[in-house]
Amino acid sequence: MINVKEHISQLIAEAVGQLGWDEAGTEYELTEAVRPEFGDFTTNFAMVAAKSLGQSPRQIATDLAGAIAGLTSRYVDDVEVAGPGFINFRCSLEWLYEEIRLAVTMGAASYARSNLGKGQSLLLEFVSANPTGPLHVGNGWWASYGDALGRLLRFVGYEVSTEYYVNDTGGQIRQLGESMLAVMEGREVPEGGYRGEYVRTMAERYRGERDVTAIGKFAADEIIKVIRLSLEELGIEFDTWYSQASIEESGAVDHVISVLERQGFIEEVEGQKLFLSTRFGDSRDRYLTKPNGDFTYLAGDIAYHYDKLVVRGFEHVIDIFGADHQGQVPSLFAAVEAFGCERSRLEILLGQMVSLQQGGEKVKFSKRKGNVVDLAELVELIGASAVRLLSLQSSIDRASTIDIEQVTTKSMENPVYYIQYAHARMAAIERMRKERKIPEPKLGEADLTLLVHPRELELLRVQARLDEVIANAAVERAPHKLVGWLKDFAGAFHGFYHDCSILGEGPEITAARLLLVDSSRVAIQVVLGLLGVHAPEQM
RNA sequence: GCCCCCGUAGCUCAGGGGAUAGAGCGCCGGCCUCCGGAGCCGGGCGCGCAGGUUCGAAUCCUGCCGGGGGCACCA
C-alpha cells in the first residue's frame, strides 16, 4: 500500500531528472485539486521553478507533463497542463480503494497514526486555573483545547504528559481563607474577596482551627477536588497535578534564583532580588522577591519551568495561557534563556478570551448562582461531547463569545449531533446487516471497484485527506481543523447514505459498500477519539 | 504610547500565497411504499480601508480605522 502523493512526487522527481533540470531543492506544492475538472492532484512546480529555469511556467509545465506522461504509473492516468502553469494529475480510483484497505486492516487503534513527534518527550500544561472557585465555561473551553491537543500530539508520535499547575499558595489563597473566615464569623466578606455560594458551603463544613492559612489550604484542596471532578466529567484527566506550594517548600525557588545569581542575572535592590530580564528582551526587569521577603509569582513560575525543562528534562514544553496572561510571556522566555535552555524548547500558546452572553446580553464570569456559567452545569445540561465539540470549532486565536441561550436551548447549532449521527448510522447499518443475516464482507473477496458512485468517491476523497489534516492540525496546534474535517466527512457520509442503498442492491455491491462503511467508521472513530467526543452506537 | 490576537454572507465561524472564497444557523422551496428525515437537494453581486511584494493576495509586508487582551513587587 502506498501513498499516492509520495508516488506522484517521485514521478515528478524522476521526470525532472530526465529533463536534466537541477531542481532538487524546488519547494513546490502538490495538493489535492480544488475542482473535479482539475483532476485529483495539482502541482505548482512550473510556476515556482520558472525564475531559476529562466523559462515561462507554461513551457516548463508542458515539458514536465510530457516527461511524466512517458513514465509508467499504476495510479496516474492522465497528466495535463492548465491555467498559468499548473500540472494536473488524474488518477485511477485505485488510490481511493487503498484507503479502505488501510482503514479496515489497521482499525481505529492504528489507522492514520504517524511518527511526526519521533518519540520526543513533551509536557503540556493547561487549565491551571487558580483553586479559588469552580471552573467556569471559559476554563472548559481551553481545557477541551488542551486535552484535544494532547491527544493529537500523542497520536502523531510525541510522548506527552499533561499537567495542571495548581496555584495553591500566595495572595489569592490567603484571600480565599479570609473570605471563608469572614463567613464563619458572620462578617462581611472583605473587599476583593470570594463571595460565591461555594464559600459558604465550605465554611459550614470546615472543622479546623480559625487560622487563615489553614483555612485557605483547606479551601484550595476542596476546590481542587471539585475542579478535578468537573474536568473528569468533561472527559479530561491530567497525568500530574503540580503544586506551586510544593515547589516553594522544596527550596526549588531558592535554587533557581541562585542559578540565575551565579550567571550574574540577579541584582539586589533594597534587599529584593531583581531579575535582569531586559538582557533577554523583556521590556523591564522583574522582581523575584517582595519587600516582605516572599517570592513573587514569577519566581515560582521560573522555578516551575526550571523543573520542567531541567530537573525533569522534558525535551519540549508547551504552556497554554489565556491572553490575559500574555504579559508574563517575555519574562518566562527570558528566564528560560537565563538558566541556560534553548528558547525554542518552550512554547507558549495564547488562547484569546472567551466571553459569555445570554440572549444578546453580556454575562460576567461571576461565581454567583443563577447564570449557567459554571462548567459543570453546562456539561450536565448538554453533555461533555457537545461542550467539547462546540469549543473546538474555532481557532483559539479568535476571541469567542458563547451564547448560553443558543448553546443550551437551540442545540441544533451544535454540530455534535450531525457528526455523531453519522457514526450512529454506521453502527445502525452493522446492526441491520446482522439482523438480515448478511455475511460479513471480506477485504480479499470483495470487489471494491464497484464503488464508483460520486457519493462513494466523495466520501473516500474526504477520508483520504485525513493524514494531512491530522499532521497539519498537530503542527499548527490547531485541533479545530479536525472538527472541520469531521463536518466534511459527516456531510459526505450522510450524502452517501442518502443516495446509495447499502444493503439493497445485490450481494457484490453490498459487500463493497459495507467495507466502505467499515472504513468510514474507523476514520470517524479516530478523529472523535482525538477530540474526546463520544462515538455513539445509537442516538 | 508600546506589544499580542481578530475584522470574511443577516448571525456564529472555516479557509491563512494559487485557478469560480465555504459551512452551520436563520429565511424560502422540494424529497420518506426503500438500511434511522437528528438526514438529503436547490435558492448567496460577502474578504474593514489604502498602499506594497508576487506570474498570482482573503492569505505575506507597511500604514490607517474598528474590536478584544496585555504592558505589576497581583496571580
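Side-chain atoms are counted along with the backbone in the values below, which use heavy atoms only and exclude waters and symmetry mates. Below, chain A is the first sequence line, B the second, and so on; all start at residue 1. Keep in mind that this is a model prediction, so the values were computed, not measured.
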Which pairs pass salt bridge (Lys or Arg N to Asp or Glu O under 4.0 Å) with one or both residues in residues 317-332 of chain A, sequence neighbours excluded?
-> A:K308-A:D319
Quick one: which residue pairs count as a salt bridge (Lys or Arg N to Asp or Glu O under 4.0 Å) with a foot in residues 488-506 of chain A, not counting sequence neighbours?
-> A:R455-A:D499, A:R465-A:D488, A:E505-A:R513
Who are the side-chain hydrogen bond (donor to acceptor under 3.5 Å, both in side chains) partners of [X], not counting sequence neighbours?
{"X": "A:R228", "value": "none"}
{"X": "A:R477", "value": "A:E347"}
{"X": "A:K217", "value": "A:D221"}
{"X": "A:E468", "value": "A:K5"}

Under a 90° cut-off about 0 for the syn range, is B:C40 syn or anti?
-> anti
Distance, rounded to the nearest Å, where [X] contributes [atom1] and [N] contributes [atom2]:
{"X": "A:H494", "N": "B:C40", "atom1": "NE2", "atom2": "C1'", "value": "10 Å"}
{"X": "A:Q272", "N": "B:A72", "atom1": "CD", "atom2": "P", "value": "15 Å"}
{"X": "A:L482", "N": "B:A14", "atom1": "CG", "atom2": "P", "value": "14 Å"}
{"X": "A:L389", "N": "B:U12", "atom1": "CG", "atom2": "C1'", "value": "14 Å"}
{"X": "A:E29", "N": "B:G17", "atom1": "CD", "atom2": "C1'", "value": "8 Å"}
{"X": "A:Y497", "N": "B:G37", "atom1": "OH", "atom2": "C1'", "value": "10 Å"}
{"X": "A:I419", "N": "B:A23", "atom1": "CD1", "atom2": "C1'", "value": "11 Å"}
{"X": "A:Y164", "N": "B:A75", "atom1": "OH", "atom2": "P", "value": "17 Å"}

Charged N to carboxylate O under 4.0 angstrom, A:R461 versus A:D40?
-> yes
Could you check which of [options] has an atom nearest any side-chain atom of [X]?
{"X": "A:N130", "options": "B:C71, B:U20, B:A75", "result": "B:A75"}
{"X": "A:Q172", "options": "B:G37, B:C73, B:A75", "result": "B:A75"}
{"X": "A:Y417", "options": "B:G15, B:A19, B:A38", "result": "B:A38"}

Please classify the nucleic acid contact of [X] as base, sugar-phosphate, or nothing, using heavy-atom distances under 4.0 Å.
{"X": "A:G504", "answer": "nothing"}
{"X": "A:N44", "answer": "base"}
{"X": "A:G327", "answer": "sugar-phosphate"}
{"X": "A:R455", "answer": "sugar-phosphate"}

Check the geometry between A:F86 and B:G18 and answer yes if their rings are stacked (centres below 5.5 Å, planes below 30°), otherwise no.
-> no
Does the side-chain ring of A:F38 lie flat on the base of B:A19, meaning centres under 5.5 Å and planes less than 30 degrees apart?
-> yes
Is any side-chain N or O of [X] closer than 4.0 Å to OP1 or OP2 of [N]?
{"X": "A:K481", "N": "B:G15", "answer": "yes"}
{"X": "A:K290", "N": "B:A72", "answer": "no"}
{"X": "A:Y418", "N": "B:C40", "answer": "yes"}
{"X": "A:R425", "N": "B:G37", "answer": "yes"}
{"X": "A:R284", "N": "B:C2", "answer": "no"}

C1'-based separation of B:G24 from B:G15 [nearest Å] = 15 Å
Check this for me: does the side-chain of [X] come within 3.5 Å of the base of [N] through a donor and an acceptor?
{"X": "A:N88", "N": "B:A19", "result": "yes"}
{"X": "A:D324", "N": "B:G69", "result": "no"}
{"X": "A:T42", "N": "B:A19", "result": "yes"}
{"X": "A:Q328", "N": "B:A75", "result": "yes"}

Nucleotide N/O to protein N/O under 3.5 Å, stretch nucleotides 52-60 of chain B:
none

When A:I396, A:N139, A:I402, A:T401 are each screened for side-chain contact (heavy atoms from CB on, under 4.5 Å) with A:V354, the one that passes is A:I402
Report yes or no: does A:Q525 contribute a side-chain atom to a donor-acceptor pair with the main-chain N or O of A:A535 at less than 3.5 Å?
-> no
Ignoring hydrogens and geometry, is there a side-chain-to-backbone donor-acceptor pair from A:W141 to A:G351 under 3.5 Å?
-> no
Given pairs defined as Watson-Crick or G-U wobble with both distances under 3.5 Å, what dot-bracket annotation applies to RNA chain B, with ( ) intrastrand, [ ] crossing, | other strand and . unpaired?
-> (((((((..((((....[...)))).(((((.......)))))....(((((..]....))))))))))))....
Between A:F86 and A:F38, is the ring centre distance below 6.0 Å?
-> no
Is the A:Y421 to A:H494 ring centre distance short of 6.0 Å?
-> yes
Taking only residues at least two apart or on different chains, which pairs with a member in residues 382-393 of chain A satisfy side-chain hydrogen bond (donor to acceptor under 3.5 Å, both in side chains)?
-> A:S144-A:S391, A:D147-A:R388, A:Q393-A:K487
If a protein heavy atom is under 4.0 Å from the base, mark B; if only from the sugar-phosphate, S; if neither, -; do that for nucleotides 3-11 of chain B going 5' to 3'.
-> BBSSSB---
With 3.5 Å as the limit, what N/O pairs link the protein to nucleotides 31-33 of chain B?
none

Give, for atom CG of A:L392 and atom NZ of A:K481, the distance between the pair rounded to the nearest 0.5 Å.
-> 14.0 Å
Does the side chain of A:F126 come within less than 4.5 Å of A:W142's, by heavy atoms?
-> no
When A:A82 and A:S501 are each assigned the nearest nucleotide of RNA chain B, the 5'-most assignment goes to A:A82
By nearest nucleotide on RNA chain B, pick out whichever of A:T43 and A:D499 is the more 5' one.
-> A:T43
A:E37 CD: over 12 foreign heavy atoms closer than 6.0 Å = yes
Taking only residues two or more places apart in sequence or in another chain, which ones pass salt bridge (Lys or Arg N to Asp or Glu O under 4.0 Å) with A:E508?
-> none
